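Take a look at the structure set out below.
Nothing here was measured: the structure is a model prediction, and the numbers come from that model.
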Amino acid sequence: MRIEVTGEAFDDAIEVTTGQQARTVEVSAGLVSSVNGQTGDVAGLATTAEVSTIAAAVAGPVADEAAADAVTAHVEAVDPHGDRAAAATDATAKVTTHTNATDPHGDRTYADETFLPKAGGTLTGPVNGPGTFAVDSSGNVTAESVILPAAATTVSKSLVITAPAGAVSYMVWRAPKACTVVAVRGYRVGGTGATINAQRGASDLLATDLSLSTAATWLSGPSVQNASFAAGDSLTVAIRSVTGSPTAVTIQVDLQGV
């Protein structure tokens, strides 16, 4: 190896490293006044001002592109700030707590305290209605009249009279409240005939006695008269006549509003 150094050199030292064996040649020199015997300005080199201008011109677009890339990477990141995972966990926990809460909106308590359940419940008084209808806190009801569907309020009062020999009558019931007779029915066992009626006090409920002309068959009387009972009125059933010695006659009176 050959190294030529031109200039004001002092105490040259060169270290050369080759192969497996290293040599160190240290070179110490002063300022270089010429290169290969040439002096003067070096052509093709830019001044410091020109380099600064070029660097500034390049730095802008490079910085803009780097910033755009950084923004894109930030937006496309799954959790750029590290707070999305924490927010999702917190939201899930709050939804679970809300779902499992007994009354999260406070409206269930309001409904329970205000309305009866669909399946029924206890109505506490007082409750007021039209006319004199009212229910006090003890459950006592006062009303001029309560009219319910016939199927829910129809009751029957009946008496079986065995082996009647002729006309006979029995008082069978006292009306506890105002009510209305809707039918008088009769049933005969044995014999060849019988006629029946019923009474509110001393007034016949049937304008014409009901003939039990067919044995072992329920028969209904004609239209009812004197049908309105007041509280305290008495109901009487009566056999008006018999033929052929019946073994039993049943008289039934149907009433509504009891």
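- Counting all heavy atoms, side chain and backbone alike, S169 lies closest to A238 at CB-CB, 3.7 Å.
- To the nearest 0.5 Å, atoms CE (M171) and CG (L159) are separated by 12.5 Å.
- Shortest non-hydrogen contact noted between T208 and P222 is O-CG, 3.9 Å.
- Under the side chain to side chain contact (heavy atoms under 4.5 Å, CB included) criterion, R108 pairs with D103, P104, not counting sequence neighbours.
- Inter-residue side-chain proximity for V237 and V253 is flagged as met; some heavy-atom pair is nearer than 4.5 Å.
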Where do H98 and H105 land on the side-chain contact (heavy atoms from CB on, under 4.5 Å) test, with the steps shown first? CA-CA 9 Å; H98 182 87; H105 301 288; 3.4 Å; yes
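- In terms of modelled atom types and a separation under 3.5 Å, the side chain of T247 and the main chain of V189 share a donor-acceptor contact.
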How far apart are the C-alpha atoms of I251 and N197, what are their side-chain angles, what is the distance that settles it, and do they pass the side-chain contact (heavy atoms from CB on, under 4.5 Å) test? CA-CA 8 Å; I251 303 172; N197 210 318; over 6 Å; no
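- Residues L205 and R200 are in side-chain contact: their nearest non-hydrogen atoms beyond the backbone lie under 4.5 Å apart.
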Verify side-chain contact (heavy atoms from CB on, under 4.5 Å) between T195 and L210, making sure each step is shown before the conclusion. CA-CA 5 Å; T195 58; L210 172 60; over 6 Å; no
Worked verdict on V258 versus F229 for side-chain contact (heavy atoms from CB on, under 4.5 Å): CA-CA 10 Å; V258 178; F229 275 58; over 6 Å; no
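- With T109 contributing its side chain and D107 its backbone, the two residues share no donor-acceptor pair below 3.5 Å.
- To the nearest 0.5 Å, atom CZ of residue R188 and atom CG of residue L219 are 8.5 Å apart.
- Looking at every heavy atom in both residues, L255 comes nearest to W173 through CD2-CZ3, 3.6 Å.
- V182 is linked by a side chain to side chain contact (heavy atoms under 4.5 Å, CB included) to D254, Q256, counting only residues two or more places apart in sequence or in another chain.
- Side-chain atoms of D90 never come within 3.5 Å of backbone atoms of K94 as a donor-acceptor pair (strictly under, hydrogens ignored).
- N226 contributes no side-chain N or O that, together with a main-chain N or O of S203, makes up a donor-acceptor pair within less than 3.5 Å.
- The only option from D233, D204, T236 that meets the side chain to side chain donor-acceptor pair (under 3.5 Å) definition with Q199 turns out to be D204.
- For the residue pair S220/R185, the side-chain donor-acceptor check at 3.5 Å is satisfied.
- Counting heavy atoms from C-beta outward, Y187 and L212 have side chains that stay 4.5 Å or more apart.
- A perpendicular orientation is assigned to the rings of H81 and H74, their planes being inclined by more than 60° (bins at 30° and 60°).
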